[in-house]
K.L.:
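I'd like to ask you about the structure that follows.
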Protein chains: 2
Amino acid sequence: MDADKVFKALGDPTRRRLLDLLCEQNGQTLGQLCENLDMARQSATQHLDLLEAANLVSTVKRGREKLHFINPVPLHEVYERWVRKFERERLSLLHDLKQELEGDDQ
Amino acid sequence: MDADKVFKALGDPTRRRLLDLLCEQNGQTLGQLCENLDMARQSATQHLDLLEAANLVSTVKRGREKLHFINPVPLHEVYERWVRKFERERLSLLHDLKQELEGDDQ
DNA sequence: TTGACATGCAGGTATTTACCTGCATATTAT
DNA sequence: ATAATATGCAGGTAAATACCTGCATGTCAA
């Protein structure tokens, strides 16, 4: 997994919207997705290409159509390898800050 | 929580590195953080400002120093409100794709 | 007080990015 | 075959971004 590509891909609201749309109905065509986006089809394609490069979306060609499917695995990996690290130390990290805010004179 | 700011903030490798550094040792000064970064202090400041705007980092001034603390709460919220959504449907989403890959003729 | 140190602030620039338009190709339906 | 449909490909542009340098301010220690 290329963590940087995944984070970069998630860093744009349009691409998160695309993932949301695919979550509502998986396997949509480019045209279907564009109907909900308010931008040129070619722009949407570029966003989808980035999602695909990050392995967050997989595509299948069916005739002249291109179907898009979410791949939730990279999200899971990002969570496991990155978010949980902070999650685990959550309380102690907050404790550090609280301690500092309460004053240094002790 | 401003989800967009959080995702944007996480979308840069330098800023993720800063969070990693703070996770190793919370409450570091700007100078300490810069020693591990290979860029001008002013550039690091800009990254830290974005992390602070996303509420991922909180700061406390102590004398002429500025201490930086991770705030793990927004990460937790991003996970709760966004990642878990896909997590929950993970298996069914993968099933959709597998089904499509196995051929259309049935 | 004066010098060293930690950080703040104000631009400037090169790269990346997010959008667009125009045209080409491939597939389906009549 | 021909027209309509779905997508691919090739630039082009304006805005955002990630750096930088130079200088100002505030704090500590001798």
Side-chain angles (χ1 to χ4, degrees), chain A residues 2-22 25-54 56-69 100-101 103-105, chain B residues 2-22 25-54 56-69 100-101 103-105:
Chain A
D2 186 332
D4 192 50
K5 283 186 182 177
V6 174
F7 278 109
K8 279 261 171 62
L10 295 176
D12 181 272
T14 301
R15 290 193 283 272
R16 291 197 302 278
R17 175 121 179 79
L18 281 166
L19 291 181
D20 277 334
L21 289 170
L22 288 178
Q25 187 191 334
N26 212 7
Q28 292 188 67
T29 67
L30 174 58
Q32 285 178 295
L33 291 169
C34 283
E35 285 171 17
N36 295 283
L37 274 194
D38 196 43
M39 66 173 56
R41 170 184 54 82
Q42 291 90 333
S43 306
T45 299
Q46 291 178 324
H47 285 297
L48 287 165
D49 286 346
L50 288 186
L51 287 171
E52 202 170 349
L56 285 162
V57 161
S58 297
T59 60
V60 178
K61 290 217 74 173
R62 186 165 63 187
R64 62 181 160 184
E65 294 177 318
K66 188 174 188 180
L67 307 183
H68 298 77
F69 295 85
E100 193 60 38
L101 288 173
D104 350 325
D105 51 345
Chain B
D2 187 331
D4 193 49
K5 284 187 180 174
V6 174
F7 278 109
K8 280 261 169 64
L10 295 176
D12 181 271
T14 300
R15 291 192 284 272
R16 291 197 302 280
R17 175 120 179 78
L18 281 167
L19 291 182
D20 277 334
L21 288 170
L22 288 179
Q25 187 192 334
N26 212 7
Q28 293 187 67
T29 67
L30 175 56
Q32 284 178 297
L33 291 169
C34 283
E35 285 171 17
N36 295 283
L37 274 194
D38 195 42
M39 65 174 57
R41 171 183 54 83
Q42 292 90 333
S43 308
T45 299
Q46 291 179 324
H47 285 298
L48 287 165
D49 285 346
L50 288 186
L51 288 171
E52 202 171 350
L56 285 162
V57 162
S58 297
T59 61
V60 177
K61 291 218 75 173
R62 187 166 61 186
R64 60 183 163 183
E65 295 177 316
K66 189 175 187 180
L67 308 183
H68 298 77
F69 294 86
E100 193 61 39
L101 288 172
D104 350 325
D105 52 345

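Convention: sequence-line order gives letters A, B, ...; per-chain numbering from 1.
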K.L.:
Among dC19(C), dC19(D), dG8(C), which nucleotide has an atom closest to any side-chain atom of M39(A)?
P.N.:
dC19(C)
K.L.:
Nearest whole Å is fine: how far is dA18(D) P from D4(A) CG?
P.N.:
11 Å
K.L.:
Enumerate the residues from residues 5-22 of chain B whose closest heavy atom to DNA chain D is under 4.0 Å, giving them by residue number; use none for an empty result.
P.N.:
K8(B), D12(B), T14(B), R15(B)
K.L.:
What integer distance in Å separates L30(A):CG from dT7(D):P?
P.N.:
5 Å
K.L.:
Would you say the side chain of L50(B) lies within less than 4.5 Å of the side chain of L56(B), judging by non-hydrogen atoms?
P.N.:
no
K.L.:
Kindly compute the distance separating CG (L33(B)) from CG (L18(B)), expressed to the nearest 0.5 Å.
P.N.:
6.0 Å
K.L.:
Within the distance-only criterion (no hydrogens, no angle test), does the side chain of R15(B) pair as donor or acceptor with the backbone N or O of L10(B) below 3.5 angstrom?
P.N.:
no
K.L.:
Output the distance between atom CE (M39(A)) and atom NE2 (H47(A)), rounded to the nearest 0.5 Å.
P.N.:
4.0 Å
K.L.:
Looking at dG22(D), does its base get a donor-acceptor pair with the side chain of Q42(B) below 3.5 Å?
P.N.:
yes
K.L.:
Does Q46(B) or L67(A) map to a spot on DNA chain D nearer the 5' end, using the closest nucleotide for each?
P.N.:
L67(A)
K.L.:
List the protein contact pattern of nucleotides 25-30 of chain C with one symbol per nucleotide (5' to 3'): B for base contact, S for sugar-phosphate-only contact, - for none; contact means a heavy-atom distance under 4.0 Å.
P.N.:
--BS--
K.L.:
Any side-chain heavy atom of L30(B) within less than 4.5 Å of one from R41(B)?
P.N.:
yes
K.L.:
Would you kindly give the CG-to-P distance between L48(A) and dC9(D), to the nearest whole Å?
P.N.:
14 Å
K.L.:
So, do N36(A) and R17(A) sit near enough that their side-chain heavy atoms are less than 4.5 Å apart?
P.N.:
yes
K.L.:
H68(B) side chain to T59(B) main-chain N or O, any donor-acceptor pair under 3.5 Å?
P.N.:
no
K.L.:
Q28(A) has an atom CD; how far is it from atom P of dA6(D), in whole Å?
P.N.:
14 Å
K.L.:
Would you mind telling me which of dC20(D), dT7(C), dT21(C) lies closest to the side-chain atoms of A40(A)?
P.N.:
dT21(C)
K.L.:
What integer distance in Å separates R41(A):CZ from dA10(D):P?
P.N.:
14 Å
K.L.:
Can you check the H47(B) NE2 to dT17(D) P distance for me, whole Å?
P.N.:
12 Å
K.L.:
Distance check needed: dT7(D) C1' versus L33(A) CG, whole Å only.
P.N.:
13 Å
K.L.:
Within the structure, does a side-chain N or O atom of S43(B) lie under 4.0 Å from either OP1 or OP2 of dA18(D)?
P.N.:
no
K.L.:
To the nearest Å, give me how far apart CG (D38(B)) and P (dA18(D)) are.
P.N.:
17 Å
K.L.:
Is any side-chain heavy atom of T29(B) closer than 4.5 Å to a side-chain heavy atom of R62(B)?
P.N.:
no
K.L.:
When rounded to the nearest 0.5 angstrom, what is the spacing between CG in D49(B) and CD in Q46(B)?
P.N.:
7.5 Å
